[in-house]
Amino acid sequence: MRLAPGVGLVYGDLAMSELPKAYEPTEVEKSWYQAWLDAKCFEADPASEKPAYSIVIPPPNVTGILHLGHVLNNTIQDILARRARQKGCEVLWLPGTDHAGIATQTKVERQLREEEGKTRRDIGREAFLEKVWEWKEKHGGIIIKQLKRLGCSCDWSRERFTMDQDYSRWVSQVFAELFNEGLIYRGKRMVNWCPVSLTALSDEEVIPKKQNSKLYYLKYELVDEPGKYLEVATTRPETLMGDVAVAVNPKDERYGKYVGKLVRRPFPEAEIPVLADDHVDPEFGTGALKITPAHDKADFEIGVRHELEIIDVFHPDGSVNCPEVPELDGLDRFVARKKAAAMLEENGLLIKVEEHENNVGFSERADVPIEPRISMQWFLRYPETERTAKAVATGRIQYRPTRWAKTHANWMDGIQDWCVSRQLWWGHRIPVWYRKEKVAALRDAESLTLADLEAGDLHVSEEPPSDPENWVQDDDVLDTWFSSWLWPFATMEKPGEESDLVKKFYPTTDLVTGPDIIFFWVARMIMAGFRFKDELPFRNVFFTSIIRDIQGRKMSKSLGNSPDPIDLMEKYGADGLRFGLMRTAPIGADLRFDEAQIEEGRNFANKIYNACRFRRMSGAEARVDFQASSCDHLRPYHLDILAKCDELAEKVEAAFADYRFNEVGQQLYEFLWSEFCDKFLEAVKGDLREEAEPARREATLGVFDVVMARYLQLLHPYMPHLTEELCARMGYQAKGTFLMEKTLPEAGLLDGVESAMIDDGRGRATAVYESAARLRNLKAEYRLAARKDVRFVVRHGADWLEAEADILALLSGAAEVTRAEEYQPEQGTPGAVTSAGEIFMPLDGLIDVEAEKIRLDKEIEKNTKEVAKSKGKLGNEKFIANAKPEVVALERQRLVEWEGKLGQLQKMRDNLG
RNA sequence: GGUCGAUUAGCUCAGUGGUAGAGCGCUUGCUUCACACGCAAGAUGUCACUGGUUCAAAUCCAGUAUCGACCACCA
């Protein structure tokens, strides 16, 4: 049965008291999400008068599936968005997905291989791209659906994709603009080449990994002095065919005499020079370095300095390309390594092999060692680096935690040009066309310049040439991040027109993302924002924790240690998952995921649900108009919980202001469980019975409702579905309206109530709660915890004792609590000194006098220690002089309490003889 | 090698000068008319180590150890 949104959404006409004992989130969550969508609650109105609040989602890979990192990240964004709505903002949370060049293409290629046994080249560019689009249509919606399941309040009417037509136009236009400015250029450079994906990669896509390698010591014969050798050490003997020199440090006295001489490269045989270069470390290996400019970044630079030849000995796929050495030609580079070493050994040129740990750069996607390789690529010299560095350094863009600003600064400091071209097909094709008859020359040109453009041989623009038959487009596509860096504004408007959306919502307010993509994305977005909108793209960046497994390992598919969030949601509810994760997620440190945390979230949802269920058993009509200031029957427990609720609102506000999401969660948890349920509800339980005095009953129902209604609103950003459900079901929210759209009132629940009355009530409530705990403890010590017939007798009781005696009895599980100032306890009667008075538990001889003596002695000892400690402090002149006045006052008060209690305990003890 | 971070109960984590905390787990007792996804009571800590500053340090400073991240790398 599906009713109108607002009331009885899921459980139909069942009264709350007839509901299942345990909260069942699944259906509730789905129904409310649909109700919000139907009512267009998430849609942003650029024409709104309200202050703007905006976030753009870090777009997940279009074919990706939800993992815990997404859950954490998007829950935080949803909390921010929902909280902003409650604070009266017009909220735009703009969602979308990223085409994720290599990742997606790799998946489709794998499918093609598995299903049809073909490669992308077999079917051609056009057919392949069709397949990718098909794949995107089929799998692209998954992560979006999963985000909806989580409860994300994104404006789905504005969902974007980095390969949408308008978005693509932005990418091309930006490319053309930067080319015209000379910031984008084409050149033959040493790049990180992935031999599996067959494309160049940016430095950021290379992951250094520690490897146990071998260091081969080999020797080159001196041409002039046959029989004499120069020894070198290398981890890569398979590149030997590309060696064009041996380098030594100019300061190295051992080798000075060899500089300028020739040595013999064994295969293919050649004479190569020995030269001096500062880069060489005399301490490492033999102090002599073989130079392979084609396959090592440092060697390449040495090669440039000494004008050496570049000999590429690999095919793009990493196999050896060296017909002169048929033994190695065609072998995979790792096979060739062993073979080359064996060949050296046969010739007596291998001296020794040592175990050696070194760092090898791996391709992020394909997870194989990258091959440094010379190739023709497009590069970008970053724009606006100074403004970007400054904006972060000065805090104009606020990084949280702030220490990431330093990481940002370090990267900006040593920033290298960005290789933006990829030899892939899935992505934004580089918007460069070569005139047909000149294409060969232009493609091989060492550089392309504006002169080529002016000569009409080159076309660089977001618009294809009008006479396409005369042109050939560049084969490469752009790095995925070359589109992502435009995300904050390219999602909001078409190129060349300022949209209402941008006017209202740009720059965005908060960005929530992982610190692992500061370089990939965050820093680049700032540069793009400055360059193309002349404005920073966001004001705050909140970096989330990285989620690890319980052993501290990164979550990864291959380890199988990454729980499926959908399973967790089915088991614990989306709200349970959200709350459990948020309550423990540390700010600024890694999070070790433990499913027990999520279970806690579910249990918490159940607790709230049951508190409401309990309330509903006492009548369906909600007292939403209840005013504490005009109620004559407020009891201490009412005042206490109302005050705590107001305090909660303040604490939550303060924690939100600092983005301390775990603290918000903790405060919400403690209030409901420890204060509201354990104390308040237990104290006023009797008032909810039908036979209770009507005025008391009304007051308690009223207080319950206003506190719960306010509480649910405060909790809403964390547990949106549950709170919406309960507000509807409890009648706190009028039919057809939504909690999620309700503004958070500024007024406190106790506004208008005299503060003296509040203080008096809270004092009593606190005394009752504390005393009850002390009495329960006393009962438990005498193994009477379960007995309900215990009577307590109070001496020197507080003046309000009679008024609260029934509650004290209820909370301590006693038959009654009575005042008797002249009471003389029998020898051995256990007792406790509490803020409500000296309370005895007469047991008519059941108690062992000696046992009670021991118990009291222990307590006296403890109190004596505290008194001594406190006296020591207060007797210290420097403490009095230096400590804050309130600290001293607190200490004085404490001492008085300890001393009073100690005296009373002492008297009790004396009575026992 | 450089930078940054972490080290608090068996576990996951709060706590940032002034009485060591939460949840889970553990022990004991409760089928108490909201909740066993629960209630009550309890045990468990040289706050990594060594110095220093201070009347007072888990908290501030310096150093040490261990773990981790990032950056740069010696082939």
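Residue numbering restarts at 1 for every chain, and letters A, B, ... go by the order of the sequence lines.
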Exercise for the section: Summarise protein proximity over nucleotides 1-16 of chain B in one line of letters, 5' to 3': B for base, S for sugar-phosphate only, - for none, counting protein heavy atoms closer than 4.0 Å. Expected result: --SSS------SSS--
Exercise for the section: Would you give a per-nucleotide map of nucleotides 53-59 of chain B, 5' to 3', where B means the base has a protein non-hydrogen atom under 4.0 Å away, S means only the sugar-phosphate does, and - means neither? Expected result: --B----
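Pairing for B/U50 is with B/A62, a Watson-Crick or G-U wobble pair whose two hydrogen-bonding atom distances lie under 3.5 Å. Of all nucleotides present, none satisfies the Watson-Crick or G-U wobble test against B/U44 with each distance under 3.5 Å. Applying the Watson-Crick and G-U wobble criteria (two distances, each under 3.5 Å), B/G38 pairs with B/C30. In a base pair of the Watson-Crick type (N1 to N3 plus N6-O4 or O6-N4) or a G-U wobble (N1-O2 and O6-N3), with each distance short of 3.5 Å, B/G1 is matched with B/C71. For B/U19, there is no paired base (Watson-Crick or G-U wobble, both distances below 3.5 Å).
Side-chain atoms of A/Thr864 and A/Glu861 form no donor-acceptor pair, as typed in the model, at a separation below 3.5 Å. With no hydrogens or angles considered, no side-chain donor-acceptor pair links A/Tyr217 and A/Glu231 at under 3.5 Å. With hydrogens and angles left out, the side-chain atoms of A/Asn249 and A/Asp281 include no donor and acceptor closer than 3.5 Å. There is a side-chain donor-acceptor pair under 3.5 Å between A/Thr239 and A/Lys290. A/Tyr220 and A/Asp243 are linked by a side-chain donor-acceptor pair at a separation below 3.5 angstrom, with hydrogens and angles left out of the test. Side chain to side chain, A/Glu595 and A/Tyr572 meet the donor-acceptor criterion of an N or O pair below 3.5 Å. A donor-acceptor pair shorter than 3.5 Å cannot be found between the side chains of A/Asp590 and A/Ser545.
Rounded to a whole angstrom, the distance from the C1' atom of B/U16 to that of B/A56 is 15 Å. The separation of B/G18 from B/U59, taken at their C1' atoms, amounts to 11 Å, rounded to a whole angstrom. Comparing the same atom, P, in B/G38 and in B/G23 gives a spacing of 11 Å after rounding to whole Å. Of the C1' atoms belonging to B/A6 and B/G15, the separation is 15 Å, rounded to the nearest Å.
By the 4.0 Å N-to-carboxylate-O rule, A/Lys685 lies close enough to A/Glu682 to be salt-bridged with it. A salt bridge does not link A/Glu770 to A/Lys679: none of the charged side-chain nitrogens sits closer than 4.0 Å to a carboxylate oxygen. Between A/Lys297 and A/Asp203 a salt bridge is recorded (basic side-chain N to carboxylate O distance below 4.0 Å).
In this entry the distance linking NZ of A/Lys685 with P of B/C39 reads 10 Å, nearest Å. Atom CD1 in A/Ile517 sits about 14 Å away from atom P in B/C70, given to the nearest Å. In this structure, A/Leu568 places its CG atom 16 Å from C1' of B/C37, rounding to the nearest Å. The CD1 atom of A/Ile415 sits 13 Å away from the P atom of B/C71 (whole-angstrom rounding). Spacing between atom CD of A/Glu886 and atom C1' of B/G17 amounts to 13 Å, rounded to whole angstrom units. Between the C1' atom of B/C70 and the CZ atom of A/Phe519 lies a distance of 7 Å, rounded to the nearest Å. Distance A/Tyr23 OH to B/C35 P: 18 Å, rounded to the nearest Å. Separating the CZ atom of A/Arg774 from the P atom of B/A41 is a distance of 11 Å, rounded to the nearest angstrom.
Residue A/Asn777 places none of its side-chain N or O atoms closer than 4.0 Å to OP1 or OP2 of B/A40. Checking the phosphate oxygens (OP1, OP2) of B/C39, a side-chain nitrogen or oxygen of A/Trp673 falls inside 4.0 Å. Residue A/Arg776 places at least one side-chain N or O closer than 4.0 Å to OP1 or OP2 of B/A41.
Side-chain proximity of A/Glu600 to the nucleotides B/C24, B/G38, B/A34 is greatest for B/C24. For A/Arg548, taking side-chain heavy atoms from C-beta onward, the closest of the listed nucleotides B/A69, B/U19, B/A75 is B/A69. Picking from B/C39, B/C35, B/G23 the nucleotide with the shortest atom distance to the side chain of A/Tyr669 gives B/G23. Ranking B/A34, B/C33, B/C74 by closeness to the A/Phe284 side chain, first place goes to B/C74. Distance from the side chain of A/Trp898 is smallest to B/U19 among B/A41, B/A75, B/U19. For A/Ala298, the side-chain atoms get nearest to B/C74 when compared with the rest of B/C74, B/A41, B/G38. Among the nucleotides B/C35, B/C71, B/A75, the one closest to any side-chain atom of A/Glu682 is B/C35.
Of the residues near RNA chain B, A/Arg602 and A/Leu289, the one whose nearest nucleotide (by heavy atom distance) lies more toward the 5' end is A/Arg602. Comparing A/Leu681 and A/Asp299 by the nucleotide of RNA chain B that holds the closest heavy atom to each, the one mapping nearer the 5' end is A/Leu681.
Residue A/Lys779 is out of contact with every strand shown, counting any heavy-atom pair closer than 4.0 Å. Across all strands shown, A/Lys21 has heavy atoms under 4.0 Å from sugar-phosphate atoms exclusively, and none from any base. No contact: A/Asp296 has no heavy atom under 4.0 Å from any strand. In this structure, A/Ala881 reaches neither bases nor backbone, as no heavy-atom distance under 4.0 Å exists between it and the strands shown.
Applying the salt bridge (Lys or Arg N to Asp or Glu O under 4.0 Å) test to every pair with at least one member in residues 513-524 of chain A, sequence neighbours left out, gives these pairs: A/Glu204-A/Arg524.
Between A/Tyr399 and A/His408, the ring planes lie perpendicular to each other; the angle is over 60°, past the 30° to 60° tilted range.
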